Amino acid sequence: MQHKKLTQNLNKINFDKIDNKIFYFLITLISVSFTFYYGYLGVFPLDSFIIFDAGHKVLNGIHPFKDYWTISGPFLDYLQAIFFFIFKTNWFSYVLHSAFINCLLATIVFYFYVTVGLKKIYSLVYSLSISILAYPSVGTPFMDHHAVIFSLISIIFLILSFYKNEKKYWFFSGVFIIFSFFSKQIPSAYIGIIFIFIILKYFFQSKKKIRKNINYFIIGVFSISTIFFILFLVNRVPLYNFFIQYILYPMTIGSGRVSGFNFDLNNIFFQFKFIYLSLLPLIIVFFIILKKKIKNKDKEKDFLVLCLLFLSFFIFIYSQLLTKNQIFIFFLIPFYLGISHIYCNKYYKKNFIEIFIFVILLITTPKYHFNYNENKKFMDFVNTDFKLAINAKIIDERLSGLRWITPKYSNNPAKEIKLINQSKEIILRDKKNKIIVSNYQILSVMAKVKNYAPNKWFDPRSVPSKNNKYFVVYKEFFMSSLKKQKIQNIYIIGKNKIKHLNFINKDNCMSYGKINDLLFLANIEKCLN
């Protein structure tokens with residue numbers, strides 16, 4: 001009864017007559033505000049700083065695949081360099097990058113819903129929910145978020161292509177699937193395969209005039225791919241390095257993860273239960289379409305779109321499981337609920353379905369907001385008192401406003417900051433050629449280190465194991481960079497990081513010692529002779 005009254009009251013207000021600019025303003029305000037607020041609250045050193053350091057490297061002429069080993073996409077590195085170039089190298093321009101992507105997603109989703117016939121007020125609600133759950137969970141640019149968001153945008157434009165068959169939609173679908181691929185290999189590689197079969201199906205069931213516009217999808221794919229390869233060519237990035245680091249070596253990681261995949265019920269279903277529930281109305285619609293014997297173009301398109309949505313849904317789940325990170329795809333819940341709303345209006349318009357959709361939305365949006373935004377679960381914070389956070393301006397002016405607190409030092413961020421400042425001063429006083437191996441990648445920027453570590457980050461995934469067939473390639477790449485830069489000292493933050501440098505220590509040529517509770521020093525002058 002209350003739901004019926006609410007619906008009646010909403011229907012009295014003709015939101016569809018309100019100018020779209022008002023809705024876009026609200027979406028921009030919320031999506032940017034939430035990302036900035038949580039992007040300035042707490043850090044998880046490896047995840048929070050990786051693109052900051054990479055963007056600074058590119059800005060200074062140090063390029064992925066050529067100068068530093070990377071298994072993650074170069075798109076974020078170059079895009080962050082653009083933000084640093086325009087807005088200077090600081091935390092504001094860093095978070096602005098992620099806020100821009102969050103806003104882009106939310107506005108495109110709103111445009112999509114309205115274009116396919118959903119009322120503006122409902123389109124606004126779903127879009128705002130997405131903007132709250134998408135990028136604020138991490139706050140700063142991150143490969144996984146970019147890759148899934150760009151893949152989702154590509155799917156949206158492909159759906160619009162089926163319904164509207166406009167050149168721009170085909171083109172942008174191709175553009176964003178490549179953006180996704182150059183952010184991270186998955187899910188775009190799998191979704192690209194789905195696209196091939198879905199588009200071929202659409203091609204053969206369409207008229208000749210309609211088929212011509214499909215070429216614009218191919219143009220979008222090849223134009224962006226060409227831009228990336230021109231970028232590599234201009235900056236003398238060897239394509240051999242690109243294929244080894246970004247294609248061949250990651251395939252060995254992926255195959256290992258697949259073979260060790262845990263197919264238990266909790267892993268596959270229960271932790272994603274609300275995402276599955278958001279698809280339930282669509283499943284009902286799918287069977288209604290199958291049951292109906294009427295054949296028409298609209299039904300064929302709807303069936304094709306539902307196949308695309310279901311297949312991409314399983315790819316998103318599978319890709320999330322392969323990352324072995326905290327779950328970040330909960331923003332798909334309001335997206336699929338919005339899709340369910342659209343198709344149920346068309347095929348199964350029942351009040352209880354609408355109530356079900358809004359109940360799921362009202363449960364999940366605050367639930368995952370508090371767990372992943374307020375409590376920073378994605379960044380491994382556990383029962384943290386964020387009131388203890390300290391303005392990171394005392395580390396460096398460029399971090400002004402960032403409320404510094406990390407999971408490891410959550411009870412005493414002042415101690416961590418003191419150790420960081422001590423380490424920074426020690427590194428600044430060292431006039432030798434040096435690199436920093438650390439999860440605190442910002443130290444290279446703060447300590448004005450002109451040399452660069454030959455790896456984007458150091459962990460068991462990024463650094464090939466000795467048993468991996470690409471270990472020798474990695475070793476040669478790494479050692480060649482150290483020799484080229486004439487590196488003498490390696491500053492290491494985190495005792496466990498030294499294991500990633502053991503291959504340098506041939507015949508015990510490395511001298512290694514502890515400087516403080518955070519910092520270690522390895523002298524490698526004898527190792528490069």
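This structure is a prediction, so every number in the text was calculated from the model and none was measured.
Between the side chain of S462 and the main chain of F458, no donor-acceptor pair closer than 3.5 Å is present. Distance alone, capped at 3.5 Å, places no donor-acceptor pair between the S154 side chain and the F150 backbone. Put simply, the side chain of S188 gets close to the backbone of Q185: a donor and an acceptor are under 3.5 Å apart. S410 places no side-chain N or O within donor-acceptor distance of the main-chain N or O of V382, the cut-off being under 3.5 Å. A side-chain donor-acceptor contact under 3.5 Å links T252 to the backbone of Y249. With hydrogens and angles disregarded, a donor-acceptor distance shorter than 3.5 Å links the side chain of N451 to the backbone of K434. Checking side-chain atoms of D77 against main-chain N and O of G55 turns up no donor-acceptor pair under 3.5 Å. The backbone N or O of A54 sits nowhere less than 3.5 Å from a side-chain atom of Q80 that would complete a donor-acceptor pair.
Residues L521 and I490 are not in side-chain contact: their nearest non-hydrogen atoms beyond the backbone lie 4.5 Å or more apart. Residues I493 and F520 fail the side-chain proximity criterion, which asks for heavy atoms closer than 4.5 Å. Residues I51 and F142 fail the side-chain proximity criterion, which asks for heavy atoms closer than 4.5 Å. V437 has its side chain within reach of L501: a pair of non-hydrogen atoms, C-beta onward, lies under 4.5 Å apart. Considering only heavy atoms from C-beta on, P281 comes within 4.5 Å of I357 through its side chain. Contact annotation: the side chain of L321 approaches that of F272 to within less than 4.5 Å [non-hydrogen atoms, C-beta and beyond]. When side chains are defined from C-beta on, F52 counts as touching W91, because their heavy atoms get closer than 4.5 Å. Taking 4.5 Å as the limit, every side-chain heavy atom of I390 sits out of range of all side-chain heavy atoms of R403.
Across all their heavy atoms, T140 and D47 have their closest contact at OG1-O, 4.3 Å. The two residues A453 and Y68 make their nearest non-hydrogen contact at O-CB, 3.8 Å. The shortest non-hydrogen separation linking D67 to S481 is O-OG, 4.2 Å. Nearest approach of H146 to I101, heavy atoms of both residues: NE2-CG1, 3.5 Å. Closest non-hydrogen pair, Y276 versus I317, comes out as OH-CG2, 4.3 Å. For the residue pair T323 and R461, the shortest heavy atom distance occurs at O-NH1, 3.9 Å.
Side-chain atoms of S131 and S31 form no donor-acceptor pair, as typed in the model, at a separation below 3.5 Å. Defined by atom type and a distance below 3.5 Å, a donor-acceptor pair is present between the side-chain atoms of H145 and S137. At a cut-off of 3.5 Å, with distance as the only test, no side-chain donor of N373 or Y37 sits close to an acceptor on the other residue. Of the N and O atoms on the side chains of N455 and W457, not one donor lies less than 3.5 Å from an acceptor on the other residue. Y78 and H63 share a donor-acceptor pair across their side chains, judged by distance under 3.5 Å alone. There is no side-chain donor-acceptor pair under 3.5 Å between Q245 and T70. N90 and S93 share a donor-acceptor pair across their side chains, judged by distance under 3.5 Å alone. Between the side chains of K497 and N439, at least one donor N or O lies within less than 3.5 Å of an accepting N or O. Side-chain polar atoms of S72 and K184 form no donor-acceptor pair below 3.5 angstrom. Side-chain contact annotation: S129 with T365, donor-acceptor N/O pair under 3.5 Å present. Between the side chains of H341 and Y113, not a single donor N or O lies within less than 3.5 Å of an accepting N or O.
Atom NZ of K88 is surrounded by 12 or fewer heavy atoms from other residues, nucleotides or ligands within 6.0 Å. No more than 12 heavy atoms of other residues, nucleotides or ligands sit less than 6.0 Å from atom NZ of K418.
A ring-centre distance under 6.0 Å is found for F286 and F310. Ring centroid separation for the pair Y336 and F313 comes in under the 6.0 Å cut-off. Taking the centre of each ring, Y368 and F330 come in below the 6.0 Å mark. Here Y474 and F478 bring their ring centres to under 6.0 angstrom of each other. Between Y491 and Y440, the distance separating the two ring centers is not shorter than 6.0 angstrom. Aromatic ring centres of F378 and Y372: separated by at least 6.0 Å.
For residues 50-60, the pairs satisfying side-chain hydrogen bond (donor to acceptor under 3.5 Å, both in side chains) are D53-K57, H56-N60, with sequence neighbours left out. For residues 381-393, the set of pairs meeting the side-chain hydrogen bond (donor to acceptor under 3.5 Å, both in side chains) definition, not counting sequence neighbours, is empty. Listed by first then second residue, pairs satisfying ring pair (Phe, Tyr, Trp, His ring centres under 6.0 Å) with a partner in residues 380-406 read F49-W404, F381-F386, not counting sequence neighbours.
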Side chain to side chain contact (heavy atoms under 4.5 Å, CB included) between I30 and I132, worked out: CA-CA 8 Å; I30 297 298; I132 291 169; 4.3 Å; yes

Trace of the ring-ring contact (aromatic ring centres under 6.0 Å, His included) decision for F92 with F36: CA-CA 8 Å; F92 170 82; F36 262 93; 5.4 Å; yes

Step-by-step side chain to side chain contact (heavy atoms under 4.5 Å, CB included) determination, I178 to F75: CA-CA 10 Å; I178 297 302; F75 184 50; over 6 Å; no

Worked verdict on N489 versus I524 for side chain to side chain contact (heavy atoms under 4.5 Å, CB included): CA-CA 6 Å; N489 286 336; I524 61 166; over 6 Å; no

Chi angles and distances behind the side chain to side chain contact (heavy atoms under 4.5 Å, CB included) call for I339, Y126: CA-CA 10 Å; I339 295 285; Y126 294 125; over 6 Å; no

Residues K377, D380; criterion salt bridge (charged side-chain N to carboxylate O under 4.0 Å, His left out); working and verdict: CA-CA 5 Å; K377 188 176 178 181; D380 288 345; over 6 Å; no

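Remark: Y343 engages Y163 in a side chain to side chain donor-acceptor pair (under 3.5 Å) (not counting sequence neighbours). Residues satisfying the ring pair (Phe, Tyr, Trp, His ring centres under 6.0 Å) criterion with F25, sequence neighbours excluded, are absent altogether.
Summarising the geometry, atom CG belonging to L152 is positioned 10.5 Å from atom CD1 belonging to I177; distances are rounded to the nearest 0.5 Å. One distance of note links CG of L322 with OH of Y190; it measures 5.5 Å at 0.5 Å rounding.
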Going by atom type alone, with no hydrogens or angles, which donor-acceptor pairs under 3.5 Å involve a side-chain atom of residues 104-112 and a protein atom two or more places apart or on another chain?
residue	atom	partner	partner atom	Å
T107	OG1	C103	O	2.9
T107	OG1	L104	O	3.0
Y111	OH	Y169	OH	2.5

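Under the 30°/60° scheme for interplanar angles, the aromatic rings of F179 and F176 are found to stand perpendicular.
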